[in-house]
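Here the structure is laid out as C-alpha cells; the discussion comes afterwards.
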Amino acid sequence: MDVKNNTIDALNQPDFFEGMIPRKTTSAQAEKLEDGEVNPFTNKPFSKKYKTILQGRRKLPVHDQRENFLSLIQSSQFVVLVGETGSGKTTQIPQYLVYNELSHLKGKQIACTQPRRVAAMSVAQRVADEMDVVLGQEVGYNIRFEDFTSPKTFLKYMTDGMLLREAMSDHTLSRYSAIVLDEAHERTLSTDILMGLLKEICKTRKDLQVIIMSATLDAGKFQKYFNDAPLLNVPGRTFPVEVFYTSEAEKDYVEAAIRTVLQIHSNEPEGDILVFLTGEEEIETACREIKWEGEDLMRQNKCGPLMVVPLYSTLSPVAQQKIFAAAPVGRPGGPPGRKIVVSTNIAETSLTIDGIVYVIDPGLSKQKVYNPRIRIESLLVSPISKASAQQRAGRAGRTRPGKAYRLYTETAFDEELLEQTYPEIMRSNLGNVVLQLKQLGINDLVRFDFMDPPAPETLMRALELLNYLGALEDDTSMTKTGRLMAAFPLDPQLSKMLIESPNHKCSNEILTITALISVPPIFVRPRGAEKPADAAKAKFVHQDGDHLTLLNAFLEYKKNERNPQWCRKNFINERSMKSAVNVRKQLLRVMEKKGLAITSVMGNNRFYSTIIRKAICSGYFMQVAHREPSGHYATLKDNQPVVLHPSSSIKSKPEWILYDEIVLTSRTYIRTCVEVNVDWLFEGTSDYYTDLSSFPNCDGKRALEQVIKYRKRSGDRKKKI
DNA sequence: GAGCACTGC
C-alpha cells in the first residue's frame, strides 16, 4: 500500500528543477524554490520554522555574494573564498552549491570538510534545519565511528581525515560532484594532503568543482596554488577590537597575565575575560592565584565577585561546560561581577565563548615540533603567529566591541612573529602521511605538489621507517604488508604490530593494547591524590611492562563495565577507556574484513607475557633502549641517552627495554615500555638488526654484535647436528 | 620521581 502511494507520489511530483541546467543556474532560480511553499527535495510543505530561519539566512553577509559566487564557480574549477567569522560561509556555500550542482538528480554528493568532528556534526544539524530535512537523510555527516548518512544524502559534512580515508579506496573521489574544504587556513595534515590530491584529481576530473574556504587574508597563497583561482571575499560580522601592547617585554608572562586580569577587573566596565596560557599546570596555578587575589580585592570592596574557570582539553566535559556559565552578579550599584576563563589554544579555534570582551594574550602556545635528526616529536612553548594573535584578539569582539591586551611590544609583533604558524606537515613525523600518500596512488613523493613541502630529511626518515617495517620496497613501491597496514587508522608501528599479531596467536590481546595506546592515557593521577592513584594502579601492574599493565586494566574494566563507580574508584579515565573500547571495535572490524585471525593467548597459555611481548617487537623492534655499563639507558638507533619514565611498571633495570614513545620534558623519557629479550629482535620478519654498520657506536651495538656472533655459532652447531 | 597544545582516521 505504502509502496504504491509512494510510486504515485513520485509520478505526481512536480519537476521543481525544470528549466534549471546544472552549473548554469542563477540565484534567482534557487531563491524562487527556497521561497516556495513546498520543499523541492522532499516534496513536503515547508515548515514555519523553515521560513523563519530563511529570513535570517538572507541577512547573512554571504547572501549578498550568492550571484557572484555562482558566476565564479561556473567559470572556474577552483574557487577560493575568504570569509571571516560570522559571514555564514560554512552553512550557506554548500547549500548554494546544492542548487547549482543539482547533484541529487544524478546520484552525486557534495562534501564539505571540517577539521573537527563536533563542527561537522553541529553544522550538519544546522543545515538540515535550514533545508527543512531530517538530519541523516538529505543532509548528513560522516565522522569516525559515525556515518550519519543515507542513500538519499546529497549534502554531507565530514572531517577532512574522513574524506582522505575515502580517497584511499576511491582515488578519484568519484561520488562527489563538488568538494568544499573549509577552514583551510588551519592547514591540518589532512587538509594539506587533500589540497594536493584534489589538485591532482582535477587534472583528469574536469567535472569536479572545488571550493577552498579560509578565514585569513592570506588568500593569495591558496589562489596561486590552485592555478590562480578566482577569489571571493565575504566580510564578517564582528565588532571592533582595540589592541593594546606592553611598552616593554614581560619577563614572567604568567605573572603579567594575572596582573592584567586584576587590573581589568578593578578598572574596566562589565564583560568577561579570556586569558590564553600554554598548559594545564600553568592554567591551574594562574586560576588559584587569580581567585585568591580577586577575593582579596573584593574584601577591600574594590571589585565585584569573580568566577575563574580553567579550560583545556583533558578536562572532563562537565568541567568544560563551566565556561558557559553566566558571570556572577555584582551588588546593585556596586562594581560588576565577572567571569574569567583561563584557557589553552582550545579557545582559539575549537571552542567559542560568548560574552568575552577582554582577551589577554601573552603570545605563546605549546606547539608540536619534529626533529628528523633525532626522530623525536615534542611539544615546545613557542611564540604564536600574527594570524593566531589576530584570531585570539577576535575572540573579544563576538558580542560587542572588545579589547585585546598583548603582553609583548608592538615591535615584537611586527618584527618577531611569523605571519602564519608553520603548517603541521612541516612539524610532524610523516610515517603515517607517507603510507597514506602511497595508498592514495602517489608514487613520486618528492614531486608531489605540496602547498608547503616538508623537509626532505623528514620524508627520508618516513620512507626509511616504512621500508624497515616492510611496508615499502627498496624502490619505495608499496608491499602487500604496506597496503594492509594502510587499511588501519593507526601509526605504522602499531598497524605493523597488529597485522603481525595473528602469527603470534595473540591478536586479541594486541588489539586491546593497540587501542589503549592510541587513546589518551587511561591512568589518571590528580594533584593531591597521587598516593591513592598510584595504589589503584598498582593493582593492575604487570612487572614485565606497561603494555601488559594496560591490558590488565582493560580486562578489569570490562568485568566492571556496568559498575558506574569503578573508574572513579580505580583512578581510570572513563572517557579514554570508552574511547579505547570504540577504537578496538573499529580495528576488529578491519581485521575481520582483511581476513586476519583473532586468537587469544591469555587464559590458556602461561607464557602469554612472552608471546605478547614478542608480538610487540614485530612492530616496535626499532624502538629499543639498552642499559649501558653506567646503568643509564641509551636508544639503539641513535645512542640517545634516555630515562625510564617514573610511571613505568618496570621496576627492575632490565638490559633491553622496548618503548612506545620518547617524550622530551624535563628530561628525555621513554614511556610505555616493556622488558624484552634481545633474541626476539632477531626473530621478526625484519632484517633491521642483521647489518649493524649504520648503527651509532655504543655499548648497545657491541652487545648486539656479541649476540649476533653467538647466534651464528649456535646456528652453525644446530646445522651440524 | 612524573605535565598531555590541539586535532584526526
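Every chain is numbered from 1, with letters handed out A, B, ... down the list of sequences.
- Taking the charged nitrogens against the carboxylate oxygens, A:Arg288 and A:Glu284 have no contact shorter than 4.0 Å, which rules out a salt bridge.
- Closest to the A:Arg671 side chain, of the nucleotides B:dA5, B:dG3, B:dC9, is B:dG3.
- Not a single donor-acceptor contact under 3.5 angstrom links the side-chain atoms of A:Arg667 to the base of B:dA2.
- At a threshold of 4.0 angstrom between heavy atoms, the contacts of A:Leu164 with the nucleic acid are absent.
- Both A:Gly279 and A:Phe488 lie close to DNA chain B; mapped to their nearest nucleotides by heavy-atom distance, the more 5′-ward contact belongs to A:Gly279.
- The cationic group of A:Arg392 lies under 6.0 Å from the six-membered ring centre of A:Phe276 and within 45° of the ring axis, placing it in a cation-pi geometry.
- Across all strands shown, A:Ile346 has heavy atoms under 4.0 Å from sugar-phosphate atoms exclusively, and none from any base.
- Between A:His185 atom NE2 and B:dC6 atom C1' there is a gap of 14 Å when expressed in whole angstrom units.
- Proximity of a side-chain donor or acceptor of A:Lys89 to a complementary backbone N or O of A:Gly83 within less than 3.5 Å is detected.
- A straight line from CG of A:Leu380 to P of B:dG3 spans 15 Å, rounded to a whole angstrom.
- Nucleic acid contact for A:Arg116: sugar-phosphate only, since backbone atoms but no base atoms lie under 4.0 Å from a heavy atom of the residue.
- The nearest whole Å value for the distance from the CE atom in A:Met485 to the C1' atom in B:dC9 is 15 Å.
- Residue A:Thr278 places none of its side-chain N or O atoms closer than 4.0 Å to OP1 or OP2 of B:dA5.
- Counting any heavy atom pair closer than 4.0 Å across all strands shown, A:Ser666 reaches sugar-phosphate atoms only and no base atom.
- Following rounding to the nearest Å, A:Leu181 (CG) and B:dG8 (P) show an atom-to-atom distance of 16 Å.
- Using a 4.0 Å heavy-atom cutoff across all strands shown, A:Thr159 reaches sugar-phosphate atoms only and no base atom.
- When heavy atoms are screened at a 4.0 angstrom cut-off, A:Thr188 is found touching no nucleic acid atom at all.
- Side-chain proximity of A:Pro646 to B:dG1, B:dG3, B:dT7: nearest is B:dG1.
- In this structure, A:Arg117 reaches the sugar-phosphate backbone alone: every heavy-atom distance under 4.0 Å involves primed, P, OP1 or OP2 atoms, never a base.
- The CD1 atom of A:Ile662 sits 17 Å away from the C1' atom of B:dA2 (whole-angstrom rounding).
- Both A:Ser313 and A:Leu490 lie near DNA chain B, and the one whose nearest nucleotide falls closer to the 5' end is A:Ser313.
- No side-chain heavy atom of A:Thr90 sits less than 4.5 Å from a side-chain heavy atom of A:Arg126.
- Between A:Phe540 and A:Leu551, the closest side-chain pair of non-hydrogen atoms is not below 4.5 Å.
- Across all strands shown, A:Pro115 has heavy atoms under 4.0 Å from sugar-phosphate atoms exclusively, and none from any base.
- Counting to the nearest Å, the P atom of B:dT7 and the CZ atom of A:Arg575 are 9 Å from each other.
- A:Asn142 comes within 4.0 angstrom of no nucleic acid atom, judged by non-hydrogen atoms across all strands.
- Minimum atom distance to the side chain of A:Tyr669 is reached by B:dA2, of the listed B:dA2, B:dC9, B:dA5.
- For the pair A:Leu437 CG and B:dC9 P, the interatomic distance rounds to 18 Å; values are reported in whole Å.
- For A:Arg671 and A:Glu661, the salt-bridge test passes: some basic side-chain N is under 4.0 Å from an acidic carboxylate O.
- Of the candidate nucleotides B:dA2, B:dC4, B:dA5, B:dA5 has the atom lying nearest to any side-chain atom of A:Lys368.
- For A:Thr344, whose side chain is taken as the heavy atoms from C-beta onward, the closest listed nucleotide among B:dA2, B:dC6, B:dC4 is B:dC6.
- If you take CG of A:Asp147 and C1' of B:dC9, they are 14 Å apart, rounded to a whole angstrom.
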